[in-house]
Amino acid sequence: MIDRSMAAATIVFLPCWESGHFMSMVAAGKRMLDASGGALSLTVLVMQAPTAAKAAEVDSHVRREAASGLDIRFLNLPAVEPPTGYVAPEEFNFRYTQLHAPHVEEAVAGLSSPVAAIVVDLFCTPLLDAAAELAVPRYVYFASTGAFLALMLRLPAFREDLTAKLRETEGTVHVPGLPPVPLPYMPACLSGDKIGNYEWFEDYGRRFMDASGIIINSSIELERGVLAAIADGRCVPGRPAPTVHAIGPVIWFAAREQQPPHVCVRWLDTQPPASVVFLCFGSKGFVDRAQVGEVAAGLERAGHRFLWVLRGPPAAGSSNPTDADLDAMLPGGFLTRTQGRGLVWPSWAPQKEVLAHPAVGGFVTHCGWNSTLESLWFGVPMVPWPLYGEQHLNAFELVTAMGVAVPMKSMDGSKVESFVGAAELEQAVRGLMGGTEEGRKARDKAAGLKAACRKAVAEGGSSDAALRKLVSEISSGGGAPPP
Ligand SMILES: COc1cc(-c2[o+]c3cc(O)cc([O-])c3cc2O[C@@H]2O[C@H](CO)[C@H](O)[C@H](O)[C@H]2O)cc(OC)c1O
Ligand SMILES: O=c1ccn([C@@H]2O[C@H](COP(=O)(O)OP(=O)(O)O)[C@@H](O)[C@H]2O)c(=O)[nH]1
């Protein structure tokens, strides 16, 4: 039980430095604060990001959120020396995170408020050990899909089976709650020549079992099958998985009231309802010049209105795309030929405002989970173009389980090609914008999931109920004790 005579108990959050993870977790924390009705505060322990650019991004999030007036404290952890001699980003991330363990212990020991729970990002589970000594409930925040969680939970127990399967070039993998998943839809780090990263990923999955619960940015309505499979113990044989608290969609909106509308929004204001296809590929997405040519030709031939966020390759030492030089990247005459019916935006775009706009009728997306949830929140059907991470699995789920997306030919059946030809983009865009029965069905399904998402987080909805139960569990000190 938490001692009420002391300061409000605090939930300690340990987010990953990637913006999509960091902001998703802070937004979830705000919901937890709100649901606690003042019984809890939030302490965010901020690891210094491994690059200066990422550290600056995190810093700007922290400054903005710290000024929000909510009961959130941000504490910077001391910097650590980045590991060397790693072979994969997953290994780097694991080791870099783990190096923060003593700093986390020290920071938590120094807090003046009692600690009600510790919540770590899905890629920071090495830090669950640091929390073990404190005998408080410890949770994982999972900023991706239930399907990806089901797969990660399966990795340790099915090591032999799965590694053998993943080394093959054809076949399917059983992700409980999903139809059989063709191998090319496995997260990139688990397939082909990257299989050596299996053990790092397996370790993340194994550590999930040490948590008192897993808080996921999803909802029963979006992923009933996989969430039931996890709850029924179909992922880890002989041992129930921790309770999964599906509190999503968690989406964060920036306040822009004081600013004039963005150029993209002003352009959309001049377009007819549901007439524009939006193309945007997340915080990391860019394509090379050859691929740009195919996209341009595909859009020209499809004949629909479009808003295309086109970014340039990252500068040396960075993984973030740069603003694109449109004249250098686009085929000659493209902008003139498509004037009036297309806008190519070379920089960061206000994606949520774009998806919320009535003129937008479809979204060609890299299937990052935040982008996907934003699309569903506004009822916009998608064409998946997965790029990295778990996005191929997300794409499979959107097409096969949710029915809200129209696949490109390059993603049909058992193969996923990353290079997309003009003809297949043209065909998919035509379908998405209502030219095929498949596209019309995807639009209807997306409208249905829009309603379901909003119902889930409204008072009395499934995600709202899960959030309140979670917060009540944490504030009464009654979460399942860590094993
Ligand atoms: C966006 O920037 C980064 C993303 C990742 C990243 O890496 C990754 C690696 C894997 O082997 C498997 C993954 O599943 C995976 C996922 C992943 O993150 C993305 O997170 C987003 C939330 O911000 C979103 O949910 C996307 O769908 C995920 O793909 C790693 C990274 O650096 C370490 C990034 O900069
Ligand atoms: O031009 C852009 C590109 C991305 N985003 C936002 O950045 C996040 C991307 O997160 P996601 O999980 O989809 O992909 P990631 O960038 O992590 O791969 C989402 O909230 C998008 O709305 C945006 O606002 N403008």
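For ligands, and for the atoms within them, numbers begin at 1 and follow the listed sequence.
Here's the thing with S371: one of its N/O atoms is less than 3.5 angstrom from an N/O atom of ligand 2. Backbone and side-chain nitrogen or oxygen atoms of S283 are examined, and one is located within less than 3.5 angstrom of a nitrogen or oxygen of ligand 2. By the 3.5 Å distance cut-off applied to N or O atoms, A349 is counted among the residues near ligand 2. At a 3.5 angstrom cut-off on N or O pairs, Y388 counts as close to ligand 2. Inclusion of W252 in the set of residues having an N or O under 3.5 Å from an N or O of ligand 2 is not warranted.
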* To do: Output, in order, the C-alpha distance, side-chain angles, deciding distance and verdict of salt bridge (Lys or Arg N to Asp or Glu O under 4.0 Å) for D34 and K30.
  => CA-CA 6 Å; D34 193 42; K30 285 178 170 177; over 6 Å; no
* Go through V120 and Y141 one step at a time and tell me if the side chain to side chain contact (heavy atoms under 4.5 Å, CB included) criterion holds. => CA-CA 6 Å; V120 307; Y141 180 72; over 6 Å; no
* **ring-ring contact (aromatic ring centres under 6.0 Å, His included) assessment of H100 paired with Y96** => CA-CA 7 Å; H100 287 82; Y96 186 70; 5.1 Å; yes
* To do: Evaluate side-chain hydrogen bond (donor to acceptor under 3.5 Å, both in side chains) for Q351 paired with N370, printing each intermediate quantity in order.
  => CA-CA 11 Å; Q351 179 170 297; N370 294 303; over 6 Å; no
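Looking at R311, E374, Q391, it is E374 that brings a heavy atom closest to atom 22 (O) of ligand 2. Closest heavy-atom approach to atom 3 (C) of ligand 2 within the set W345, F281, W348: this belongs to W348. Proximity annotation for atom 11 (P) of ligand 2: of V354, V309, L373, N370, N370 comes nearest, heavy atoms only.
Between E426 and R301 there is a salt bridge, since a side-chain N of the basic residue sits under 4.0 Å from a carboxylate O of the acidic one. Under the 4.0 Å criterion applied to side-chain N and carboxylate O atoms, K54 and E18 are assigned as salt-bridge partners.
Both tests pass for K352 against the ring of W252: distance under 6.0 Å to the centre and angle within 45° of the axis.
Which parts of ligand 2 touch G368 is read off a 4.0 Å heavy-atom cut-off, strictly below it: atoms 11 (P), 12 (O), 13 (O), 14 (O). Below 4.0 Å from some heavy atom of W369 lie the following atoms of ligand 2, by number and element: 12 (O). Close approach of ligand 2 to C280 is summarised as follows: ligand atoms under 4.0 Å from at least one heavy atom of the residue are 1 (O), 2 (C), 3 (C). Contact atoms of ligand 2 toward K352: 20 (O) (distance under 4.0 Å to a heavy atom of the residue).
Rounded to the nearest 0.5 Å, atoms NE2 (H21) and CZ (F142) are 9.0 Å apart.
The aromatic ring centres of W345 and H262 sit less than 6.0 Å apart.
At a 4.0 Å heavy-atom cut-off, ligand 2 does not touch A143 at all.
Distances from ligand 2 to the non-hydrogen atoms of H366 include at least one value under 4.0 Å.
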